[in-house]
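Read through the structure below, which is laid out as structure tokens, and then see the notes.
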Amino acid sequence: MTKGNINVSVENIFPLIKKFLYSDHEIFLRELISNATDATLKLKHLTNIGEAKVEYGNPKIEVKIDKKGKKLHIIDQGIGMTAEEVEKYINQIAFSGAEEFLDKYKDAGKDSGIIGHFGLGFYSAFMVAEKVEIITKSYLEDTEAARWTCDGSPEFTLEPADKTERGTEIILHIADDSTEFLEESRIRELLTKYNKFMPIPIKFGTKEINDPDHKPETKKDKDGKETKEPQKKITVDNIINNPNPAWTKQPTELEDKDYSDFYRELYPMQFEEPLFHIHLNVDYPFNLTGILYFPKMTADLNIQKDKIQLYQNQVFVTDNVEGIVPEFLTMLRGVIDSPDIPLNVSRSYLQADGNVKKISSYITRKVADKLKSLFNDNREDFEKKWNDIKIVIEYGMLSEDKFFEKADAFALYPTVDGKYYTYQELFDKIKDNQTDKDGKLVILYASDEDSQHSYIEAAKDKAYEVLLLDSPIVSHLMQKMESTKENITFARVDADHIDNLIKKDDTKISKLSEDQKKELETILKESIPSEKFMVQLEAMDSDASPFIITQPEFMRRMKEMQATGGGMFGMGNMPEMYNLVVNTNSDLVGEILSTKTKKKQDRLISQSLDLARLSQGLLKGKELSEFIKRSYEMIK
């Protein structure tokens, strides 16, 4: 038996043993199973290239709880270690078994990219264990098994062991403050969370299943009554993981049902089918695989996040993928797996890492290309799904310039009549009719068909197209479009009278003289609260509404942008201000001006103003009740 001190230095971060490196104790199981998996995959590689003179077979990793003995066992059938290797890889932490392995087999094919054996991850065991044992036997012929024992101090013992099968067994003597890791439910939870898709089968206990070779017979008793014999049960290993998840396969190997089944495996409590999926598969200039799903979206930008799972070589890392996945895609679901992303790093490191930035850029491009192909292949289906995916696409157009450029090919602009245009199609459709006298293209839109119905109809009467743009970030998107596209502006249909939204060369002549206009302004100012309405007189068609309430596009848009992040500081706190557009060519306005009794004049103004407020949804509570009462009195 050998005794000694582990080679510890500041450079190799041995204070991990004292629980400084890892803040989350539960990841010890992830680390140990990752090591066991690496050891098994190394053996597979060595047998494939003829380096190992043993049968690879069908190895598995086993996790066992000994609650009475307060022990947790992790057993693999992998490469194993000699006593000399234990001394080197376990005791001399500064050395890396993985580095030596990579160096030796760097020219043997891409499978030699498997990294890790025993390194710092192994020492995470001491976060939950007061003593750790390793019993290991190398795959090499004529080698003796070894047992290593350490209580978390630099002191260890190394002695021969009686293990006869190749592989490694790690025994954790669980500390009194970590007995939760002796509970079957807790270990199952961790295996499901971190190791659900590990490439080597993981056994955790056994289970009973129906014997597939047993066909229960139906027999008749003496009275002729049929009875069926009981189904025979057999006990089998309980394999807790899926070693071959969909993302590890080529897209050509999978059908739609396979993608749908995998979505159910990832999100068993999600009952709606995803709208479509994107299969990621790249091996240059970095390695990345994965499947992203577009679920049906809500208008809430926050509730959707943290549904994408990040893996490193099929080991779960995190579901907080900001910095790795472009922010606008964090609302999607699915899996991303890359060996180029380290298991234990800070968020700031990831955001600064060059590989991560390349991955983020690649995913953006891949998603844009997929959306374009879906649009081209089946536009009708894409249009049907638009309302369920638009929030992601609009968010991407806002936040990623490269995505914004590509989105011209598939981003849609729906109208209130249920038509869908790409930007170029919309431009070609409206450029002749909706260009104002200054040569600027005015794109009209509504955010609510019901409350803005009268304004929409006024625009349609002039054969104008009106878009229906109702997502929470549309104000931001319009601002970006106006600054990016040449000579265009967006205007909500209720931002002004339609003739003012798209000003043509022909201007209406007012029936009122300048003196009459001044008199009318004086009358209106006495009856209409100036803190709520800015009165402006306009010459419009005689059959147009006498009073129209509008809200200036700039002020309303800035308030909306500030409410969702952005806009001009302080705009969100400003009171609501509206324009009251008074049609000087309306017969009713003429009557208001010519009426000799103040009582009738006030009644006409109040009724006209309330009708305009009603059309904008601004008449509520007591004022609405008074309007209804007054209206009934007028028709008696």
Check your understanding: Given the rule in the side-chain contact (heavy atoms from CB on, under 4.5 Å) test, do Ile391 and Ile473 qualify, once you have shown the distances and angles that lead to the verdict?
Key -> CA-CA 8 Å; Ile391 193 72; Ile473 57 174; 4.2 Å; yes
Check your understanding: Using 4.0 Å as the upper bound for N to carboxylate O, is an ion pair formed by Glu26 and Lys193?
Key -> yes
**Study point:** Ion pair Lys385/Asp381, N-O distance below 4.0 Å
**Key:** yes
Review point. Mind checking whether Phe197 and Trp247 have parallel, tilted or perpendicular rings, split at 30° and 60°?
Key: perpendicular
Check your understanding: Are Tyr267 and Tyr263 near enough that their ring centres are under 6.0 Å apart?
Key -> yes
Point to revise | Considering all heavy atoms, the nearest Ala145-Lys163 contact | key: CB-O, 3.5 Å
Study note, to complete from the structure: Here the pair of heavy atoms bringing Ser138 nearest to Arg166 is O-CB, 4.2 Å
Check your understanding: Is the number of heavy atoms from other residues, nucleotides or ligands within 6.0 Å of CD (Glu253) greater than 12?
Key -> yes
Point to revise | Closest non-hydrogen atom pair, Ile278 against Lys366 | key: CG2-CG, 4.1 Å
Exercise for review: Output, in order, the C-alpha distance, side-chain angles, deciding distance and verdict of side-chain contact (heavy atoms from CB on, under 4.5 Å) for Phe126 and Leu172.
Suggested key: CA-CA 8 Å; Phe126 287 100; Leu172 277 62; over 6 Å; no
Practice item. Anything under 30° is parallel, anything over 60° is perpendicular, the rest tilted; go ahead and classify Phe382 against Phe375. Key: perpendicular
Review point. Do you see a donor-acceptor pair shorter than 3.5 Å between the side chains of Gln309 and Arg333?
Key: no
Practice item. Evaluate whether atom CD of Glu255 has more than 12 neighbouring non-hydrogen atoms of other residues, nucleotides or ligands under 6.0 angstrom away. Key: no
Exercise for review: Quick one: closest heavy-atom pair of Ile363 and Ile336, and the distance?
Suggested key: CD1-CD1, 3.5 Å
Review point. Between Glu273 and Ser260, does any side-chain donor sit less than 3.5 Å from a side-chain acceptor?
Key: yes
**Study point:** Presence of salt bridge, Lys60 and Asp237, under 4.0 angstrom
**Key:** yes
Point to revise | Flag, side chain of Thr248 to backbone of Pro245, donor-acceptor distance under 3.5 Å | key: yes
Check your understanding: For the residue pair Tyr259 and Tyr293, is the inter-centroid distance of their aromatic rings smaller than 6.0 Å?
Key -> no
Check your understanding: For residues Asn281 and Gln250, is any side-chain donor paired with an opposing acceptor at under 3.5 Å?
Key -> yes
**Study point:** Sidechain-backbone polar pair: Glu155 side chain, Cys150 backbone, donor-acceptor under 3.5 Å
**Key:** no
Point to revise | Flag side-chain contact, heavy atom, 4.5 Å: Lys137 against Thr143 | key: yes
Exercise for review: Kindly indicate whether the side chain of Leu254, heavy atoms from C-beta on, has any atom under 4.5 Å from the side chain of Pro251.
Suggested key: no
Practice item. Could you tell me whether Lys42 and Asp38 have a side-chain N and a carboxylate O separated by less than 4.0 Å? Key: no
Point to revise | Note: Arg186-Glu189 ion pair, threshold 4.0 Å (strictly below) | key: yes
Exercise for review: Take atom CG of Asp377 as the centre, draw a 6.0 Å sphere, and report whether it contains more than 12 heavy atoms from other residues, nucleotides or ligands.
Suggested key: yes
Point to revise | N-O pairing of Glu84 and Lys88 below 4.0 Å | key: no
**Study point:** Step-by-step side-chain contact (heavy atoms from CB on, under 4.5 Å) determination, Ile359 to Val325
**Key:** CA-CA 8 Å; Ile359 288 171; Val325 173; over 6 Å; no
Review point. Are His73 and Glu62 linked by a side-chain donor-acceptor pair shorter than 3.5 Å?
Key: no
Practice item. Determine, step by step, whether Ile170 and Glu133 satisfy the side-chain contact (heavy atoms from CB on, under 4.5 Å) criterion, reporting the C-alpha distance in whole Å, the side-chain angles of both residues, the deciding distance to 0.1 Å, and the verdict. Key: CA-CA 6 Å; Ile170 296 179; Glu133 294 179 68; over 6 Å; no
Review point. Can a salt bridge be assigned to the pair Lys70 and Asp176 using a cut-off of 4.0 Å between side-chain N and carboxylate O?
Key: yes
Exercise for review: State, without any angle test, whether Asn210 and Lys233 hold a side-chain donor-acceptor pair at a distance under 3.5 Å.
Suggested key: yes
Point to revise | Sidechain N-carboxylate O distance under 4.0 Å for Asp369, Lys406 | key: yes
Review point. So, Asn242 versus Glu265: side-chain donor-acceptor pair below 3.5 Å or not?
Key: yes
